[in-house]
Amino acid sequence: MPAPIVSLEALTSTTTFDQLLATEKSAGCTSPSCGSSEKPDDLDPVVWERIKDHPCFSEEAHHYFARMHVAVAPACNVQCNYCNRKYDCANESRPGVVSEKLTPDQALRKVIAVANEVPQLSVLGIAGPGDACYDWKKTKATFERVAREIPDVKLCISTNGLALPDRVAELADMNVDHVTITINMVDPEVGAKIYPWIFHGHRRYTGIEAARILHERQMLGLEMLSARGILTKINSVVIPAVNDEHLIEVNKWVKERGAFLHNVMPLISDPAHGTHYGLTGQRGPNATELKALQDRLEGGAKLMRHCRQCRADAVGLIGEDDGQEFTLDRIPTEVTYDASKREAYREVVAHERRDHMAARSKAIGMLKAAGSGRSLLVAVATKGGGRVNDHFGHAKEFQIYEASPRGITFVGHRKVEQYCLGGWGEKATLAAIIAALGGIDIVLCAKIGDCPKDQLADAGIRATDAYGHDYIETAVSALYAAELGVQPLAATA
Ligand code: CLF
Ligand code: SF4
């Protein structure tokens with residue numbers, strides 16, 4: 001069996017989340033160089049209950065809970081210019097072949113195996129390759145089997161929306177409470193540049209007519225879901241010079257039709273993927289362009305900023321992918337669900353989240369009281385739990401927070417190569433990490449060696465491990481106060 005992501009030997013009712021994580025991967029870098037949680041104030045309690053364990057629908061939940069995808073529905077009724085079907089569905093994943101397509105029975109076996117080993121698991125998603133609503137029989141059979149065996153796993157789908165109106169009633173009957181629709185346009189003229197054809201009502205449509213039908217079906221599906229109170233997230237692929245400006249209009253349309261979240265995600269395009277866009281040199285947006293668009297969309301439909309464009313067979317916390325540990329050949333042919341680890345984990349998390357929420361409120365209050373117009377961009381190395389708890393050299397991404405008088409906001413993530421491998425830091429990797437951290441004021445991590453710290457300093461980026469294992473918001477507010485001279489900065493900064 002694959003190793004559990006969290007060591008559960010350590011789980012007791014008094015175990016804290018960070019102690020629990022600290023039992024994992026605790027060997028430091030030896031290179032010298034190298035449940036009933038509180039709801040956020042701005043959310044309706046009923047909505048909070050529905051999203052608090054969903055790592056995509058709640059940014060706060062993604063520190064604690066994991067999703068898994070099963071690739072059971074490979075058929076698709078739309079052709080997108082960013083997809084060539086040999087790869088994961090770009091609706092919900094980064095390009096990369098799915099290791100294996102599964103039958104509903106195989107999918108059930110995999111979900112049970114993951115639930116037994118990954119206590120953070122809270123959501124099962126069907127998110128490509130293909131369309132979950134079009135390849136409906138397999139989607140439905142999978143959801144029915146999983147709901148019977150593990151009723152508390154949330155069911156979630158992603159769809160291009162064309163077949164969605166035909167499935168809304170059944171989705172509601174199956175208690176599917178979270179649906180993602182990929183909506184890249186509300187103007188068929190724009191749509192014709194993204195979709196060469198669709199297949200609908202037993203016939204194929206092309207050009208503007210295809211885009212018009214897709215648009216009408218997407219809007220209808222969204223309205224039907226909203227009318228039934230099902231939470232919707234809209235994913236939009238940002239395609240520079242094709243729909244980037246147009247997404248401001250899309251954001252308005254989906255907000256008016258009750259979308260809960262809008263996730264604008266960068267086009268990933270590479271000739272090696274063999275997609276139309278890849279082969280014709282259509283580029284995706286860079287990080288600055290994406291952030292600028294997200295900032296322009298503030299005030300419209302609420303934005304999701306913590307998406308990692310995960311694979312269609314991803315397993316684990318968002319930002320991690322342990323899918324390769326759960327391929328069919330690595331799980332037993334007979335598996336029986338054991339709820340004990342997930343239940344124990346939830347108890348620990350419930351306690352931890354209450355504590356975290358209180359610390360967060362206090363930290364944000366402090367920031368607001370400081371009354372400065374300054375803002376600070378902080379990169380955090382974390383492996384979950386909302387804490388500064390990863391070593392600089394182990395991080396594969398940094399979570400980026402902005403501290404300002406408005407509060408502390410998660411603004412995105414920056415992916416990096418792991419600097420420290422086998423106890424030694426790689427010079428070339430460090431240069432790439434420093435480049436990836438451009439514009440960051442301060443890096444927070446649980447441990448950092450003198451060499452990377454000095455080189456970061458040379459590039460104008462400060463780094464500190466003085467707040468190791470603190471809550472992220474507590475650490476960020478302390479840094480912010482220190483910047484303003486309200487209190488001294490911790491010693492090693
Ligand atoms: Fe999967 Fe999508 Fe459900 Fe999440 S992913 S079907 S809503 S459970 Fe999440 Fe992955 Fe981004 Fe999707 S991070 S790509 S938004
Ligand atoms: Fe590919 Fe998904 Fe588009 Fe279908 S809807 S063509 S699977 S990206």
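Computed from heavy atoms alone, side chains included, the values below leave out hydrogens, waters and symmetry copies. Here the structure is a predicted model, which is why all the values come from computation and not from measurement. Atoms within each ligand, like the ligands themselves, are counted from 1 in listed order.
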Q: Within the 4.0 Å heavy-atom shell around His69, which atoms of ligand 1 are there?
A: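 Taking each heavy atom of His69 in turn, ligand 1 has 1 (Fe), 5 (S), 6 (S), 8 (S) under 4.0 Å.
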Q: Could you give the side-chain donor-acceptor pairs of residues 276-288 under 3.5 Å, partners two or more places apart or in another chain?
A:
| unit_1 | atom_1 | unit_2 | atom_2 | d |
| --- | --- | --- | --- | --- |
| Tyr277 | OH | Lys193 | O | 2.8 |
| Thr280 | OG1 | His276 | O | 2.7 |
| Thr280 | OG1 | Tyr277 | O | 3.4 |
| Gln282 | NE2 | Pro240 | O | 3.1 |
| Arg283 | NH1 | Glu289 | OE1 | 2.9 |
| Arg283 | NH2 | Glu289 | OE2 | 2.9 |
| Asn286 | OD1 | Thr288 | N | 3.1 |
| Asn286 | OD1 | Glu289 | N | 2.8 |

Q: Below 4.0 angstrom, N of the basic side chain to O of the carboxylate: do Lys154 and Asp177 qualify?
A: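 Between Asp177 and Lys154 there is no salt bridge, as every charged N stays at least 4.0 Å from the carboxylate O atoms.
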Q: Could you tell me if any non-hydrogen atom of Asp131 lies under 4.0 Å from any atom of ligand 2?
A: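 Asp131: no contact with ligand 2 (<4.0 Å).
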Q: In terms of atom number and element, which parts of ligand 1 are under 4.0 angstrom from non-hydrogen atoms of Cys307?
A: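 Going through ligand 1 atom by atom, the ones under 4.0 Å from Cys307 are 11 (Fe), 13 (S), 14 (S), 15 (S).
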Q: Does the pair Arg305/Glu59 count as a salt bridge with the N-to-O cut at 4.0 Å?
A: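 No, this pair does not count.
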Q: Where on Met304 is there a heavy atom closer than 4.0 Å to ligand 1, on the side chain, on the backbone, on both, or on neither?
A: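 Met304 to ligand 1: side-chain contact only, backbone stays beyond 4.0 Å.
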Q: Identify, by atom number and element, the atoms of ligand 1 in contact range of Cys310, meaning under 4.0 Å from any of its heavy atoms.
A: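 Listed by number with element: 5 (S), 10 (Fe), 13 (S), 14 (S).
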Q: Should Arg217 and Asp166 count as an ion pair when the cut-off is N to O under 4.0 Å?
A: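 Looking at Arg217 and Asp166, the cut-off is met.
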Q: Counting from 1, what ligand 2 atoms have a heavy atom of Asn160 closer than 4.0 Å?
A: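 Here the atoms of ligand 2 in question are 5 (S).
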Q: Could you pull out all residues at least two apart from Glu473 that satisfy side-chain hydrogen bond (donor to acceptor under 3.5 Å, both in side chains)?
A: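 Scan of Glu473 (side-chain hydrogen bond (donor to acceptor under 3.5 Å, both in side chains), adjacent residues dropped) gives His356, Arg360.
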Q: With a 4.0 Å cut-off, would you call Arg109 and Glu149 a salt bridge?
A: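 Between Glu149 and Arg109 there is no salt bridge, as every charged N stays at least 4.0 Å from the carboxylate O atoms.
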Q: Under 4.0 Å from a heavy atom of Cys156: which atoms of ligand 1 are those, numbered in the order shown and with their elements?
A: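 Result: 3 (Fe), 6 (S), 7 (S), 8 (S).
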Q: Hey, is Met265 touching ligand 1 through its side chain, its backbone, both or neither, going by heavy atoms under 4.0 Å?
A: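 Near ligand 1, Met265 shows nothing, with every heavy atom at 4.0 Å or more.
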Q: Under a 4.0 angstrom heavy-atom cut-off, which atoms of ligand 1 come close to Thr180?
A: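 Selected atoms, number and element: 7 (S).
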Q: Looking at Lys396 and Asp390, does any basic side-chain N land under 4.0 Å from a carboxylate oxygen?
A: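 No salt bridge links Lys396 with Asp390.
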Q: Taking only heavy atoms of Val123, which atoms of ligand 1 are found under 4.0 Å from at least one of them?
A: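 In order of number, 8 (S).
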Q: When you measure from atom 4 (Fe) of ligand 2 to each heavy atom in Cys76, Ala127, Ala73, which option holds the nearest one?
A: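 Residue with the shortest heavy-atom distance to the ligand atom: Cys76.
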Q: So for atom NZ, which belongs to Lys415, do other residues, nucleotides or ligands contribute more than 12 heavy atoms lying within a distance under 6.0 Å?
A: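 Enclosed: over 12 neighbouring heavy atoms sit under 6.0 Å from NZ of Lys415.
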Q: As a test of understanding, state which of Lys383, Arg414, Arg308 forms a salt bridge (Lys or Arg N to Asp or Glu O under 4.0 Å) with Glu397.
A: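 By the salt bridge (Lys or Arg N to Asp or Glu O under 4.0 Å) criterion, Glu397 pairs with just one of Lys383, Arg414, Arg308: Arg308.
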Q: Non-hydrogen atoms of His178 versus ligand 1: any pair closer than 4.0 Å?
A: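 Flag not set, His178 not near ligand 1.
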Q: Can you list the atoms of ligand 2 that are under 4.0 Å from a heavy atom of Tyr82?
A: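 Within the 4.0 Å cut-off of Tyr82, ligand 2 contributes 8 (S).
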Q: Just jot down the ligand 1 atoms closer than 4.0 angstrom to any heavy atom of Lys233, in number order.
A: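 In order of number, 7 (S), 15 (S).
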